[in-house]
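Keep in mind that this is a model prediction, so the values were computed, not measured.
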Amino acid sequence: MNSIKIIIAGPRGRMGSEAVKLVTNINHFELMAVVDHKHEGMMLSDLDGFHSIHNVPIYTDFEKCLQDVEADVLIDLTTPEVGMHHAKTALAYNVRPVVGTTGFTMADLEELKEICDEKELGCIIAPNFAIGAVLMMKFSQMAAKYFNDVEIIEMHHDQKLDAPSGTAVKTAEMITAVRESKIQGHPNEKEVLQGARGAKYEGMHIHSVRLPGLVAHQQVLFGADGQTLTIRHDSFHRGSFMSGVKVAVETVMKQNIFVYGLENILE
């Protein structure tokens with residue numbers, strides 16, 4: 001297999017540092033450079049935690065990085081604003097983005113799709129790279145054909161910026177595709193404290209929990225007469241997302257289309 005040349009944005013972040021480990025431990029992946037908001041002109045090996053990784057320059061200017069470095073794929077695990085800018089810039093230089101940042105708007109996704117269609121380049125945006133989380137979403141969509149009443153509870157660490165999570169929104173979108181729209185709960189229900197019933201999406205309720213000690217967790221609760229069904233996934237360590245990143249990098253090299261959601265590339 002030919003080597004896949006990779007740039008990583010956000011290498012010092014909790015997800016980014018796991019991506020660096022992934023890329024440097026796979027024989028057919030080659031880490032060409034990293035993009036950070038500081039340390040311009042330094043090498044990754046100069047930073048604590050990366051002393052064993054040699055010949056990988058750090059750039060603060062992503063476009064200059066693309067001009068200097070030959071790359072096939074960008075892995076971006078930063079923020080929605082930065083991730084969107086990086087994805088568009090990468091596509092302009094014929095580099096295929098694999099982005100794990102949540103919080104993209106529908107307009108953002110449509111813009112990236114149009115660029116990919118025009119350039120005939122692959123791009124994968126995944127709200128969640130954990131294979132188990134993707135299966136949780138798929139199983140929830142299957143269950144929604146038979147259970148019309150559903151609520152989603154997502155739980156993340158207290159440093160997460162967006163609520164609800166991209167995974168919760170994606171789950172709700174997938175459920176909506178097969179579920180008849182229904183306003184749930186008592187018609188005269190009243191929130192004594194505003195927000196107690198969570199956000200509403202096509203009649204479903206989505207609840208967000210933010211606490212230290214959590215990483216990424218979600219449960220989808222279905223209810224019917226005399227029974228409930230709970231589908232739950234837990235990520236206890238950010239390494240759980242890397243199997244999906246690997247699949248996405250390998251897959252994006254074979255595609256010339258825009259893909260939103262890892263479930264669309266898993267057989």
Side-chain angles (χ1 to χ4, degrees), residues 15 77-84 99-113 125-130 132-224 228-235 238 240-241 244 260-264:
M15 283 283 285
L77 302 164
T78 56
T79 65
E81 296 79 11
V82 174
M84 182 64 180
V99 183
T101 305
T102 65
F104 284 99
T105 66
M106 292 304 296
D108 290 336
L109 300 176
E110 185 57 37
E111 183 178 357
L112 290 175
K113 182 180 183 302
I125 309 292
N128 199 316
F129 277 117
V134 175
L135 293 174
M136 175 265 298
M137 289 188 278
K138 280 180 168 284
F139 296 157
S140 297
Q141 187 180 50
M142 292 171 60
K145 295 178 182 179
Y146 307 99
F147 291 82
N148 204 30
D149 289 87
V150 54
E151 302 210 5
I152 298 169
I153 303 173
E154 57 92 352
M155 299 156 281
H156 284 79
H157 55 90
D158 60 345
Q159 298 304 302
K160 185 171 179 59
L161 298 177
D162 56 321
S165 68
T167 299
V169 173
K170 182 65 175 176
T171 305
E173 291 172 352
M174 291 172 65
I175 288 173
T176 299
V178 301
R179 169 186 175 270
E180 290 186 21
S181 182
K182 177 183 179 181
I183 304 301
Q184 297 177 183
H186 194 283
N188 296 324
E189 179 181 79
K190 179 182 178 180
E191 287 185 328
V192 178
L193 293 177
Q194 186 176 359
R197 293 289 287 121
K200 295 179 181 178
Y201 187 98
E202 297 293 331
M204 288 179 281
H205 292 264
I206 303 176
H207 311 267
S208 295
V209 177
R210 297 291 178 266
L211 287 172
L214 297 173
V215 177
H217 317 262
Q218 180 170 296
Q219 56 185 14
V220 186
L221 287 74
F222 296 91
T228 61
L229 171 66
T230 301
I231 301 173
R232 176 170 178 136
H233 176 263
D234 297 275
S235 283
R238 288 169 180 81
S240 64
F241 303 111
Y260 175 58
L262 201 64
E263 71 279 1
N264 295 305

Go through the steps to decide whether Phe104 and Val99 satisfy the test side chain to side chain contact (heavy atoms under 4.5 Å, CB included), and finish with yes or no. CA-CA 10 Å; Phe104 284 99; Val99 183; 3.8 Å; yes

Taking all non-hydrogen atoms of both residues into account, name the closest pair between [X] and [Y] and its distance.
| X | Y | result |
| --- | --- | --- |
| Leu262 | Val134 | CB-CG2, 3.6 Å |
| Ala216 | Phe241 | CB-CZ, 3.9 Å |
| Pro127 | Thr167 | O-OG1, 3.6 Å |
| Gln141 | Ala177 | NE2-CB, 4.1 Å |
| Ser235 | Ala130 | OG-CB, 3.9 Å |

Are [X] and [Y] side-chain neighbours, meaning at least one heavy-atom pair lies under 4.5 Å?
| X | Y | result |
| --- | --- | --- |
| Glu173 | Tyr260 | yes |
| Phe222 | Ile231 | yes |
| Leu214 | Met155 | yes |
| Phe147 | Thr228 | no |

Side chain to side chain contact (heavy atoms under 4.5 Å, CB included) for His157 and Arg238? Distances and angles first, verdict last. CA-CA 12 Å; His157 55 90; Arg238 288 169 180 81; 3.3 Å; yes

Verify side chain to side chain contact (heavy atoms under 4.5 Å, CB included) between Met136 and Gln219, making sure each step is shown before the conclusion. CA-CA 8 Å; Met136 175 265 298; Gln219 56 185 14; over 6 Å; no

In a check of side chain to side chain donor-acceptor pair (under 3.5 Å) between Arg197 and each of Glu191, Gln184, Glu151, which one passes?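 The single option meeting the side chain to side chain donor-acceptor pair (under 3.5 Å) with Arg197 is Glu151.
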
Look up atom [atom1] in [X] and atom [atom2] in [Y], then write down how far apart they are to the nearest 0.5 Å.
| X | Y | atom1 | atom2 | answer |
| --- | --- | --- | --- | --- |
| Ile183 | Met204 | CD1 | CE | 10.5 Å |
| Arg232 | Ile153 | CZ | CD1 | 8.5 Å |
| Ser165 | Asn128 | OG | CG | 8.0 Å |
| His233 | Leu135 | NE2 | CG | 8.0 Å |

Between His217 (side chain) and Val215 (backbone), is there a donor-acceptor pair under 3.5 Å?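 Confirmed, His217 side chain pairs with Val215 backbone.
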
Can you tell me if Arg179 uses its side chain to pair, donor with acceptor, with the backbone of Ala144 under 3.5 Å?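 Here the side-chain-to-backbone pair does not exist.
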
Might you confirm whether atom CD of Glu189 has over 12 heavy atoms from other residues, nucleotides or ligands at distances under 6.0 Å?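 For Glu189, atom CD is crowded (more than 12 foreign heavy atoms under 6.0 Å).
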
Does a side chain donor of either Gln218 or Thr171 reach within less than 3.5 Å of an acceptor in the other side chain?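 The criterion, which ignores hydrogens and geometry beyond distance, is satisfied for Thr171 and Gln218.
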
For a quick check under 3.5 Å, do His207 and Glu154 share a side-chain donor-acceptor pair by atom type?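 On atom types as modelled, these side chains do not qualify, holding no pair under 3.5 Å.
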
Among Ile175, Thr176, Ile152, find the residue that satisfies the side chain to side chain contact (heavy atoms under 4.5 Å, CB included) test when tested with Tyr201.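 The side chain to side chain contact (heavy atoms under 4.5 Å, CB included) with Tyr201 is passed solely by Thr176 among Ile175, Thr176, Ile152.
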
Between Val150 and Val220, is a side chain to side chain contact (heavy atoms under 4.5 Å, CB included) present by the stated rule, with each step listed? CA-CA 7 Å; Val150 54; Val220 186; 3.5 Å; yes

Using a strict cut-off of less than 4.0 Å between a Lys/Arg side-chain nitrogen and an Asp/Glu carboxylate oxygen, indicate whether Lys182 and Glu202 qualify as a salt bridge.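 So Lys182 does not pair with Glu202 through a salt bridge.
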
Before accepting this row, confirm whether a basic side-chain N of the pair Asp158/Lys160 lies closer than 4.0 Å to the acidic partner's carboxylate O.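 No salt bridge links Asp158 with Lys160.
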
